[in-house]
Participant: 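Would you mind keeping the following structure in view while I ask a few things?
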Protein chains: 2
Amino acid sequence: MSARAIPYRPHNHDACVSQALTDARTICQRQNARLTPIRERVLELIWQSHKPLGAYDVLAELSSDGHNAAPPTVYRALDFLQQHGLVHRIASLNAFIGCTHAGESHTGMFLICRACGNVLELTAPEVSTEVRKAASGEGFRAETTTLEIAGLCPRCQSEPGHD
Amino acid sequence: MSARAIPYRPHNHDACVSQALTDARTICQRQNARLTPIRERVLELIWQSHKPLGAYDVLAELSSDGHNAAPPTVYRALDFLQQHGLVHRIASLNAFIGCTHAGESHTGMFLICRACGNVLELTAPEVSTEVRKAASGEGFRAETTTLEIAGLCPRCQSEPGHD
DNA sequence: CCTGCAAATGTTATAATGTTTCAAATTTTG
DNA sequence: CAAAATTTGAAACATTATAACATTTGCAGG
Ligand SMILES: [Zn+2]
Ligand SMILES: [Zn+2]
Ligand SMILES: [Zn+2]
Ligand SMILES: [Zn+2]
């Protein structure tokens, strides 16, 4: 899959989204999973924002599409997308964001700007290593890691109040 | 503050709770904070379980005390306790747990057993270091870290189905 | 093509979690 | 004691998520 732009720097976001959708179709095909119209549309909506989107935000967008959707529709699509590694849930925000490393096996680390709301997903192998070490030092078998850092992105450190 | 027992190993839990309360009183006194009866009771309820307790679980306990409480009562107490470093919120569970390092400056890392529900709070300086490194490598100013590991505790790896 | 099954979606209702607002009581301070 | 600030009570409301069951759609075998 192709490289991604930094969310809090300007870039051609339409290309960003369409690349994500193309990647998603490839990934689903490889996994014999059905990226149905609803699922694809939800993925698109989430990708159109570099900021995490709540399930009910997605729902509102679907409704304004003219699609008569109810909460389970959205949650089911989100479950599917998560299961196939296409989106992540940000637990500290109750919101969802497109995975920038779809297809690669990884543990995401999320840098969440409290000022502008943008989120950058990193893969930090050294962090994962230390986490595993700390867990196994306690005899704990780690399965899933939630790692979310709130703070200020580079842009918001220098020019507060944008966006 | 005194050492703590491992939650998923048997220990004198009453002593564990009363020590936590004693520590809390000391900490609040030092910070000129008022550990009112409601706040202390909420802390006690949370400590009585080594497993994270939801806000509405706390509310139910208060009600069965005969205390006529509403959600804001609980959330306010929990806010206070978090602000003074006496409890942590576990974002991936929407639940709260007593801090085992109250009074020490620390970033908690939580090992959450998906089988028995017990949670162990660790301080892992190497992890914190790597997290800081990864964040500052992106020019990000990290403020608060959410680090929650779900998996199997030592006990549940060997004897499934207890508790 | 039809039939029957499994997966996906629609629909309604409800549960679980968290907040806003304003009033009353309590504690602190001068 | 009186004024100010903090804490608590109470009611309504907002947000996030799931349960349960009906219906439709996609697909494989006959
Ligand atoms: Zn990812
Ligand atoms: Zn920012
Ligand atoms: Zn702690
Ligand atoms: Zn366990």
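Chain naming here is simple, since letters A, B, ... match the order of the sequence lines and numbering starts at 1 in each.
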Participant: Let me have a per-nucleotide readout for nucleotides 18-30 of chain C, 5' to 3', with B, S or -, counting only protein heavy atoms under 4.0 Å.
Facilitator: BBB------S---
Participant: Kindly give the heavy-atom pair with the smallest separation between Ala77(B) and Val42(B), and that separation in Å.
Facilitator: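 Result for this residue pair: CB-CG2, 3.8 Å.
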Participant: Kindly say if Thr73(A) contacts the phosphate of dT9(C), meaning a side-chain N or O under 4.0 Å from OP1 or OP2.
Facilitator: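 For Thr73(A), the contact criterion (side-chain N or O under 4.0 Å from OP1 or OP2 of dT9(C)) is not met.
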Participant: Write down the atom of Glu148(A), the atom of Ala91(A), and the distance for their closest heavy-atom approach.
Facilitator: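 Distance-wise, the nearest heavy atoms are OE2-N, 2.8 Å.
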Participant: Minimum heavy-atom separation for Trp47(A) and His13(A), please, with both atom names.
Facilitator: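 Looks like O-NE2, 2.9 Å.
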Participant: Start with the C-alpha distance between Phe80(B) and Arg34(B), add both sets of side-chain angles, then the distance that settles side-chain contact (heavy atoms from CB on, under 4.5 Å), and finish with yes or no.
Facilitator: CA-CA 9 Å; Phe80(B) 172 90; Arg34(B) 290 166 54 195; 5.6 Å; no
Participant: Compare every heavy atom of Ile46(B) with every heavy atom of Leu53(B), then report the nearest pair and how far apart it is.
Facilitator: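 Taking every non-hydrogen atom into account, CD2-CA, 4.0 Å.
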Participant: Please report the C-alpha distance between Leu147(A) and Thr145(B) in whole Å, then the side-chain angles of each, then the deciding distance to 0.1 Å, and finally whether the side-chain contact (heavy atoms from CB on, under 4.5 Å) criterion is met.
Facilitator: CA-CA 7 Å; Leu147(A) 178 47; Thr145(B) 298; 4.1 Å; yes
Participant: Measure the distance from CD1 on Ile38(A) to C1' on dA7(C) and round it to the nearest whole Å.
Facilitator: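 After rounding, the gap between these two atoms is 13 Å.
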Participant: When you measure from the side chain of Gln82(A) to the backbone of Phe96(A), do you find a donor-acceptor pair of N or O atoms at a distance under 3.5 Å?
Facilitator: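 Such a contact is absent between Gln82(A) side chain and Phe96(A) backbone.
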Participant: With a strict under 4.0 Å distance from non-hydrogen atoms of chain B, what nucleotide opens and what nucleotide closes the contacted stretch of DNA chain D, reading 5' to 3'?
Facilitator: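 Span of nucleotides near chain B: dT6(D) to dA11(D).
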Participant: Given the side-chain rings of His88(B) and His106(B), with only the six-membered ring counted for Trp, is the space between their centroids under 6.0 Å?
Facilitator: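 Ring centroids of His88(B) and His106(B) are less than 6.0 Å from each other.
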Participant: Is it true that atom CD of Gln29(A) has more than 12 heavy atoms of other residues, nucleotides or ligands lying nearer than 6.0 Å?
Facilitator: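 Atom CD in Gln29(A) is not crowded, with 12 or fewer foreign heavy atoms closer than 6.0 Å.
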Participant: In this structure, how many angstroms lie between the C1' atom of dG10(C) and the CZ atom of Arg39(A), rounded?
Facilitator: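 Atom CZ in Arg39(A) sits about 14 Å away from atom C1' in dG10(C).
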Participant: Mind grabbing the angle between the end helix axes of the helix from dC1(C)-dG30(D) to dG30(C)-dC1(D)? Five pairs an end, 10° rounding.
Facilitator: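 Here the local axes at opposite ends form an angle of 30°.
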Participant: Start with the C-alpha gap between Arg25(B) and Glu40(B), add the side-chain angles, then the distance that decides, and say whether salt bridge (charged side-chain N to carboxylate O under 4.0 Å, His left out) holds.
Facilitator: CA-CA 9 Å; Arg25(B) 282 186 279 260; Glu40(B) 186 170 329; 2.4 Å; yes
Participant: Go nucleotide by nucleotide along DNA chain C from the 5' end; which of Phe80(A) and Asn68(A) gets its closest nucleotide reached first?
Facilitator: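 Comparing both residues, the 5'-ward one is Phe80(A).
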Participant: Do Lys133(A) and Glu126(B) sit within salt-bridge range, that is, some charged N less than 4.0 Å from a carboxylate O?
Facilitator: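 Looking at Glu126(B) together with Lys133(A), the answer is no, because their closest N to O distance does not fall below 4.0 Å.
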Participant: NE2 of His67(A) versus C1' of dG10(C): gap in Å, rounded?
Facilitator: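 One finds 9 Å between C1' of dG10(C) and NE2 of His67(A), rounded.
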